[in-house]
Novice: 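Below you will find the structure I want to go over with you.
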Amino acid sequence: MSCPLPHEFFARPSPVVAADLVGKIIWRHGIGGGRLVEVEAYLPNGDEACHAAQGKTARNAMMFGPPGSLYVYVSYGVHHLLNLVCEEEGIPSAVLIRAFQPWKADLNLRRMRGDDNGDMPVRDIASGPGRAGQALGLDLTWNGQSLGRESGLIVADDGQRSAVQRTARIGISKADDLLLRYIAPGSEFLSRSPRWGENVAPPPVAPDRRR
DNA sequence: TAAACGATTAGCT
DNA sequence: GCTAATCGTTTAT
């Protein structure tokens, strides 16, 4: 049993949303999905790695949309990377979906990844932002759509708790000192190192802090 | 109008 | 470990 996250969930700062997204279920109706194990937050201010750092452009316009919007863009001319837009409309921040653990019935995900023979290791199906986007069958027509029944893409909470660790973001050349990559520590389905234990820091908010 | 640049991945050495 | 592939967008001329 699981319930889709309300859009209010995304109307918060992206680091908070990112930390809460680890362990949640991402699912495309009719295709499939799995449990999020790796995401990255991008900030509206003071984040040179954010696509909106130089202001609004044709590409990043959807980052300014309402919370729960999808920002999809093409990376290296090959891959479609999925972001979930955070904060209220007009504030450009988002969470990049970098990896998820495929759900048991992963046949559709395999087909989307071009694995018709079914011999791709499960850990290779969605362990990376490009792989995750391809597994979900996303392209530029998804840019600007919104999470929910209409689009067919949802993020849900199935009640299962997940530990969260914070590390430096991957694949960027600017602002790589910010620890805004959130992972399920020890997961086999992360995109790449640090899989666990390296360069990690506690979550921004301690889960059970007492005075 | 031209050139450069990736929030990457697969395949090969 | 190294690099080609590949193209929408941004930035420079």
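Worth knowing before you read on, the calculation uses all heavy atoms, side chains too, and leaves out hydrogens, waters and symmetry mates. Letters A, B, ... are given to chains in the order of the sequence lines, protein chains preceding strands, and every chain is numbered from 1.
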Novice: May I have the distance from A:L96 (atom CG) to B:dT8 (atom P), rounded to whole angstrom?
Specialist: 8 Å
Novice: A:R181 versus A:I170: any side-chain heavy-atom pair under 4.5 Å?
Specialist: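 Yes, their side chains come closer than 4.5 Å.
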Novice: With a 4.5 Å heavy-atom cut-off, do A:L136 and A:F100 have their side chains touching?
Specialist: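 A side-chain contact exists here, since the closest heavy-atom pair is under 4.5 Å.
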Novice: Using a strict threshold of under 4.0 Å (side-chain N to carboxylate O), is an ion pair present between A:E87 and A:R12?
Specialist: no
Novice: Between B:dA7 and C:dG1, how far apart are the two C1' atoms, rounded to whole Å?
Specialist: 22 Å
Novice: Quick one: do the A:S127 and A:R123 side chains pair a donor with an acceptor below 3.5 Å?
Specialist: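 Not at all, the side chains of A:S127 and A:R123 share no donor-acceptor pair under 3.5 Å.
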Novice: Shorter than 3.5 Å, N or O on both sides, protein versus nucleotides 1-5 of chain B: list them out with atom names.
Specialist:
none

Novice: Using the side-chain contact (heavy atoms from CB on, under 4.5 Å) rule, take A:L84 and A:L147 through it: C-alpha gap first, then chi angles, then the decisive distance, then the call.
Specialist: CA-CA 8 Å; A:L84 307 180; A:L147 286 174; 4.1 Å; yes
Novice: Can you check the distance between C:dA4 and B:dA4, where both ends of the measurement are the P atom (answer in whole Å)?
Specialist: 16 Å
Novice: Respond yes when some side-chain nitrogen or oxygen of A:R113 is under 4.0 Å from OP1 or OP2 of B:dT9, and no when none is.
Specialist: no
Novice: Could you list, one pair per line, each protein nitrogen or oxygen that sits under 3.5 Å from a nitrogen or oxygen of nucleotides 11-13 of chain B, together with the distance?
Specialist:
none

Novice: Checking all strands, does A:L81 fall into the base, sugar-phosphate, or nothing category for heavy-atom contacts under 4.0 angstrom?
Specialist: sugar-phosphate
Novice: Let me know the distance between CG of A:L82 and P of B:dT8, rounded to the nearest Å.
Specialist: 14 Å
Novice: Each nucleotide in nucleotides 6-13 of chain C should get exactly one letter: B, S or -. Can you fill that in based on protein heavy atoms under 4.0 Å?
Specialist: BB-SS---
Novice: Check step by step if side-chain contact (heavy atoms from CB on, under 4.5 Å) holds for A:I172 and A:Y42.
Specialist: CA-CA 11 Å; A:I172 56 175; A:Y42 287 85; 3.7 Å; yes
Novice: Less than 4.0 Å between a side-chain N and a carboxylate O, is that true for A:R169 and A:D177?
Specialist: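 Here A:D177 does not pair with A:R169 in a salt bridge, since their nearest N and O are not under 4.0 Å apart.
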Novice: Contact class for A:R131 (heavy atom, under 4.0 Å): base, sugar-phosphate, or nothing?
Specialist: sugar-phosphate
Novice: May I ask which nucleotide in the shown strands pairs with C:dA5, Watson-Crick or G-U wobble, both distances under 3.5 Å?
Specialist: B:dT8
Novice: What is the separation between atom CG on A:D119 and atom P on B:dA10, rounded to the nearest whole Å?
Specialist: 13 Å
Novice: Nearest whole angstrom, please: distance from the P of B:dA10 to the CD1 of A:I125.
Specialist: 12 Å
Novice: Considering only NZ, NE, NH1 and NH2 on the basic side and carboxylate oxygens on the acidic side, decide whether A:R35 and A:D158 come within less than 4.0 Å.
Specialist: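 Yes, this pair counts.
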Novice: For the pair A:M62 and A:L70, evaluate side-chain contact (heavy atoms from CB on, under 4.5 Å) and give the outcome as yes or no after the intermediate values.
Specialist: CA-CA 7 Å; A:M62 297 311 174; A:L70 309 183; over 6 Å; no
Novice: Measure the distance from OH on A:Y42 to C1' on B:dG6 and round it to the nearest whole Å.
Specialist: 12 Å
Novice: Judged by each residue's nearest nucleotide on DNA chain B, which is more toward the 5′ side, A:I172 or A:Q134?
Specialist: A:I172
Novice: Using the side-chain contact (heavy atoms from CB on, under 4.5 Å) definition, which of the options A:V122, A:D106, A:L36, A:V37 pairs with A:Q101?
Specialist: A:V37
Novice: Rounded to the nearest Å, what distance is computed from the NE2 atom of residue A:H51 to the C1' atom of nucleotide B:dG6?
Specialist: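 Rounded to the whole Å, the gap is 8 Å.
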Novice: Should the ring pair A:Y71 and A:Y73 be called parallel, tilted or perpendicular, given that the plane angle runs from 0 to 90° and is split at 30 and 60?
Specialist: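 A:Y71 vs A:Y73 ring planes: parallel.
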Novice: Give, for atom CG of A:L96 and atom CG of A:L21, the distance between the pair rounded to the nearest 0.5 Å.
Specialist: 11.5 Å
